[in-house]
Amino acid sequence: MKLRRPNSRWSKKISLASMAEGIASPAAAAATTSQTATSTAATTAESISKKRSLWPSILRWIPTSTDHIIRAEKRLLSVVKTPYIQEHVNIGSGPPGSNVRWFRSVSNDPKFINTLTFDSKEGSPTLVMVHGYGASQGFFFRNFDTLAAHFKVIAIDQLGWGGSSRPDFTCKSTEETEAWFIDSLEEWRKAKNLSNFILLGHSFGGYVAAKYALKHPEHIQHLILVGPAGFASENDYKSEWLTRFRATWKGAVLNHLWESNFTPQKIVRGLGPWGPDMVRKYTSARFGSRAQGSVLTEEESRLLTDYVYHTLAAKASGELCLKYIFSFGAFARMPLVQRASEWKVPTSFIYGFQDWMNYQAAQEARQHMRVPCEITRVPQAGHFVFIDAPDGFHSAVLYACRRFLSPDPDSESLPEGLTTA
């Protein structure tokens, strides 16, 4: 199913399987037309969604639905001026040759990856953007216009998040969980017939992008990891405060909740009709009063809040990866630094100055890499560097990709304000 965004209203509501990363000046609203899908799977998903939407939001404990997510995404992307195509890319019911389906049930219905492709100049290098934990592709709304002027930008919602399908999450190990994301990304790449692209991942999306590049390096021209999670292990960077905290009753309770796979999204759902207000307070504080850099406008904040709520409150799926990928304290169970010597793709790291992810883990990994690697830091930015300091983030991305964009990349100097580590 594909959606274009001309200057007209949607001609029809789009409904797919249930949908839902980190908790992580507006343009005139543009609209989107839908093209009717003929596949049985899409028709079935639409009818199911309609049945679930019969009850008005005011009568539901959790006031969200598939249609709410679609509409919230459309409203947030109305601030983006660059035309785009939205499509739900069919990735099948599971990876070929695997006994683990994306959706372990009696249903063999295919699953979909929600995908945005922005208009670009012919011959532009392809940039694929992958969001982090608790987020979705809409978090890059401040970046699409600038990046689309240089790249063919494609942004996706990972399987189990945002506007993508939300299969039952039944993985029982770190290996199975990694395969869930890596293999679904590879099936998406095959469906899109992509190769030789630049892969950018933020936070947990950076972890997935790095693991994907380790398994499928032949498809990646360059890897950009933005505040990536998963490089350090607890044993490598175990701090005294964490040891002391775990010894307290509070630490013991939180560690138990972590190992029980209690996610932040469960709090949002548990609050029911009060969930939107909690999300509003979070986004207003994180990207407003306590913002490290560029503060969201009132309209941007309202649109992002609405979007974040509906993606968080929807059916639990990809979020349940948390305890299998990380131990308490967000330390990777299978740290990327241990595989740095296997790196085959040139890599650029981008961190905000106030990013809680430790750039020193990237420095350690670089010592073991046999490919070009650079680390850039952006001032007045935290973990969401692309929202906090969009101009600095854009400069860092363009600098990282200078050999694809500049006729004389060796003459390009580090943009003013950025620093290397």
Side-chain angles (χ1 to χ4, degrees), residues 5 7 9-10 21-32 63-64 68-84 86 116 118-119 129 131-132 134-151 153 155 157 162-163 200 202-203 226-227 268 275-313 350 352-356 378-398 415 417-418:
R5 193 185 68 167
N7 294 322
R9 293 289 180 185
W10 279 25
E21 168 181 79
I23 290 186
S25 57
T32 312
T64 192
H68 280 83
I69 296 173
I70 293 294
R71 290 196 294 267
E73 180 180 88
K74 186 184 79 167
R75 287 191 294 268
L76 179 62
L77 294 178
S78 71
V79 306
V80 179
K81 298 177 182 178
T82 307
Y84 63 86
Q86 181 188 37
L116 298 177
F118 291 84
D119 283 6
M129 305 180 73
H131 64 81
S136 33
Q137 44 84 356
F139 272 62
F140 296 116
F141 75 100
R142 278 186 149 188
N143 316 118
F144 290 139
D145 282 331
T146 298
L147 295 180
H150 303 274
F151 303 94
V153 175
D157 287 333
L200 180 152
H202 170 244
S203 194
V226 183
V268 175
D277 188 56
M278 188 194 80
V279 174
R280 179 188 59 77
K281 289 178 180 178
Y282 165 76
T283 55
S284 297
R286 173 58 184 85
F287 303 111
S289 59
R290 295 204 302 270
Q292 279 84 7
S294 174
V295 177
L296 296 180
T297 66
E298 184 176 339
E299 179 71 0
E300 287 176 326
S301 180
R302 182 182 65 80
L303 294 172
L304 182 61
T305 295
D306 182 49
Y307 176 68
V308 170
Y309 170 74
H310 291 297
T311 59
L312 294 181
I350 299 175
F353 268 32
Q354 288 78 41
D355 197 330
W356 63 275
V378 180
Q380 294 186 309
H383 189 52
F384 291 96
V385 55
F386 45 88
I387 295 179
D388 294 334
D391 290 342
F393 172 73
H394 300 151
S395 295
V397 171
L398 296 179
L418 305 184

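Worth knowing before you read on, the calculation uses all heavy atoms, side chains too, and leaves out hydrogens, waters and symmetry mates. Keep in mind the model is a prediction, meaning the values are calculated, not measured.
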**Study point:** Evaluation steps, salt bridge (charged side-chain N to carboxylate O under 4.0 Å, His left out), between Arg302 and Asp306
**Key:** CA-CA 6 Å; Arg302 182 182 65 80; Asp306 182 49; over 6 Å; no
Donor-acceptor contact below 3.5 Å, side chain [X] vs main chain [Y]:
| X | Y | result |
| --- | --- | --- |
| Gln86 | Leu116 | no |
| Tyr309 | Arg280 | no |
| Ser301 | Thr297 | no |
| Thr311 | Val308 | yes |

Review point. Any side-chain donor-acceptor pair under 3.5 Å between Glu73 and Gln137?
Key: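 Indeed, the side chains of Glu73 and Gln137 share at least one donor-acceptor pair under 3.5 Å.
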Check your understanding: Can you tell me if Asp145 and Thr82 form a side-chain donor-acceptor pair at under 3.5 Å?
Key ->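 Looking only at side-chain atoms, Thr82 and Asp145 do form a donor-acceptor pair, the distance falling under 3.5 Å.
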Any side-chain heavy atom of [X] within less than 4.5 Å of one from [Y]?
| X | Y | answer |
| --- | --- | --- |
| Phe287 | Leu304 | yes |
| Tyr307 | Ser136 | yes |
| Phe386 | Phe139 | yes |
| Ser395 | Val378 | no |

Check your understanding: Residues two or more places apart in sequence or in another chain: which of them pass side chain to side chain donor-acceptor pair (under 3.5 Å) with Thr283?
Key ->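 Thr283: side chain to side chain donor-acceptor pair (under 3.5 Å) contacts with Thr305.
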Check your understanding: Where do Gly392 and Leu418 come nearest, in terms of heavy atoms and distance?
Key ->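 Answer, listing the atom of Gly392 first, then Leu418: O-CD2, 3.8 Å.
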Review point. Passes side chain to side chain contact (heavy atoms under 4.5 Å, CB included), Val385 versus Val226? Steps please.
Key: CA-CA 8 Å; Val385 55; Val226 183; 3.4 Å; yes
Drop me the distance from [X]'s [atom1] to [Y]'s [atom2], to the nearest 0.5 angstrom.
| X | Y | atom1 | atom2 | result |
| --- | --- | --- | --- | --- |
| Phe141 | Ser78 | CZ | OG | 10.0 Å |
| Asp157 | His131 | CG | NE2 | 5.0 Å |
| Arg142 | Asp388 | CZ | CG | 8.5 Å |
| Leu147 | Phe118 | CG | CZ | 9.5 Å |
| Ile69 | Lys74 | CD1 | NZ | 15.0 Å |
| Leu77 | Phe140 | CG | CZ | 12.5 Å |

**Study point:** Centroid separation His202 to His383 less than 6.0 Å
**Key:**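 Close enough - the centres of the two rings lie under 6.0 Å apart.
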Check your understanding: Can the ring centres of Tyr84 and Phe144 be said to be less than 6.0 Å apart?
Key ->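 That pair fails the under 6.0 Å test.
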